[in-house]
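Working notes, structure below.
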Amino acid sequence: MSEEQRARKFVERHFPVTAAFLAAEPAEGEPPVFGPAEVQNAHDDQPEPFVVVRVAYRLSRFELFAALADGYATTNTGADPDDMTVQQIRSDVEAYLCGASWRDMEDLVETVARQIEGGEHPEQMAALRRAMDRAYPLHREPEPASDPVYGNGTVTLTTTDQGRVTEPEPEWCIGHEGQIVSYRSDITHRGPWEAAWFMGVEFFPAGISWAPAMEPVPVGDFWEFPPMDPGQLRELGALLAEQVGRVYRLANFLDQIRRGMQ
């Protein structure tokens, strides 16, 4: 018997209400793989990254729900789970796993199971289960291509949660051909991207994007920076202009060094 089967049998034996609450037909074959949704340790004072390490976890259905419940309680407790995006749901799960040991997980499964058995927060628990099923479907179907249809200032796209939906289309949006749209709330309009190229390397890519369900107004995207408003983009442009001057001075200094070696 595998560890996952033993964990399931333990919950079924000791927490029958929880087992019934989370019951579902398991997927056939290997379990589906999800994530990572985002880099977990990104912060303002982060040093220059050297590598990106990806870690994989095999989770039972009970462990997955417990991780979501803890991640939600820690980071998104004010949000309605039914309104959370798939990205937010998966980020909550990964945030918990990032700082937990397997012993922590065992304790957490028992804690959450006892809450369910005791009838604590039934509406919230049910909403978290619906969120888990949205973000981690047992039977993954291919995500549909957006297949956009454009009207007079509108675009119609295919979503997995609401089928074909029609949204206002900004004039500056370059279109949605080839985009994968899972949920209506994830629909994003993107403007032209501007980037510099030198010696075959693209750098300083910049553009405009807008996810109306997530952001009240369009934002500026620049490289790996968080979304920016116009003032922040101008401030960044000024700093880049200063850096251009430094590069020229560095080139002149390098020229002097080489001339001195002749």
Side-chain angles (χ1 to χ4, degrees), residues 22 24-25 27 32-40 42 61 64-65 67-69 71-96 123-193 205 207-222 224-229:
L22 294 176
E25 286 294 326
V33 178
F34 301 89
E38 63 182 9
V39 177
Q40 287 295 330
R61 189 164 171 81
L64 179 62
F65 183 81
L68 173 58
Y72 170 81
T74 303
T75 61
N76 274 315
T77 187
D80 184 342
D82 286 323
D83 293 334
M84 293 171 63
T85 66
V86 168
Q87 174 89 2
Q88 290 172 319
I89 297 165
R90 293 178 183 174
S91 294
D92 280 357
V93 170
E94 293 171 16
Y96 170 77
E123 293 182 359
Q124 186 179 76
M125 291 294 188
L128 285 173
R129 179 189 165 163
R130 291 192 296 271
M132 178 183 71
D133 289 341
R134 277 196 296 118
Y136 299 96
L138 291 176
H139 305 279
R140 296 189 69 181
E141 298 180 358
E143 295 178 315
S146 58
D147 188 24
V149 175
Y150 300 98
N152 185 18
T154 65
V155 61
T156 300
L157 299 166
T158 301
T159 64
T160 55
D161 59 342
Q162 299 186 32
R164 298 288 283 178
V165 298
T166 300
E167 296 283 339
E169 176 80 337
E171 292 184 0
W172 48 266
C173 182
I174 61 175
H176 303 267
E177 283 75 10
Q179 292 183 10
I180 299 298
V181 180
S182 294
Y183 295 92
R184 185 172 189 171
S185 59
D186 296 329
I187 293 176
T188 301
H189 303 289
R190 301 190 185 279
W193 277 81
I208 296 173
S209 68
W210 185 28
M214 303 292 293
E215 301 153 336
V217 292
V219 296
D221 296 316
F222 184 84
E224 297 181 0
F225 286 84
M228 299 184 186
D229 61 30

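Predicted model, so just to flag it, every value in this text is computed and none were measured.
The heavy-atom pair separating Pro192 from Ile174 by the smallest distance is N-CG2, 3.5 Å. Taking every heavy atom of both residues into account, Ile89 and Arg134 meet most closely at CD1-NH2, 3.5 Å. Nearest approach of Leu157 to Pro148, heavy atoms of both residues: CD2-CB, 3.7 Å. Across all their heavy atoms, Leu68 and Leu128 have their closest contact at CD2-O, 3.4 Å. Of all the heavy atoms in Asp221 and Ile208, the pair that sits closest is OD2-C, 4.1 Å. Nearest heavy atom pair, residue Ala135 against residue Arg90, reads O-NH2, 2.8 Å.
Scanning for ring pair (Phe, Tyr, Trp, His ring centres under 6.0 Å) contacts around Tyr136 gives Phe34, with sequence neighbours left out. Qualifying side chain to side chain donor-acceptor pair (under 3.5 Å) partners for Asp186, counting only residues two or more places apart in sequence or in other chains: none. With sequence neighbours excluded, the residues that form a ring pair (Phe, Tyr, Trp, His ring centres under 6.0 Å) with Phe225 are Phe222. Contacts of Glu215 classified as salt bridge (Lys or Arg N to Asp or Glu O under 4.0 Å), with partners at least two apart in sequence or in another chain: none. For Asp133, the salt bridge (Lys or Arg N to Asp or Glu O under 4.0 Å) criterion is met by Arg61, Arg129, not counting sequence neighbours. A search for ring pair (Phe, Tyr, Trp, His ring centres under 6.0 Å) contacts involving Tyr72 returns nothing, not counting sequence neighbours.
A heavy-atom distance below 4.5 Å is not found between the side chains of Arg190 and His176. Taking 4.5 Å as the limit, some side-chain heavy atom of Leu64 sits within range of a side-chain heavy atom of Met132. Within the 4.5 Å cutoff, side-chain heavy atoms of Ile187 are placed close to those of Val165.
Note: Trp210 and His189 have tilted aromatic rings, judged against thresholds of 30 and 60 degrees for the angle between ring planes.
Between the CD atom in Gln88 and the OG atom in Ser185 there is a gap of 8.0 Å [rounded to 0.5 Å]. Taking CD of Glu169 as the start and CG of Asn152 as the end, the distance is 12.0 Å to the nearest 0.5 Å. For the atom pair CZ (Arg164) and OG1 (Thr158), the distance works out to 3.5 Å, reported to the nearest 0.5 Å.
When atom types are taken as modelled, the side chain of Arg130 and the backbone of Pro81 share no donor-acceptor pair closer than 3.5 angstrom.
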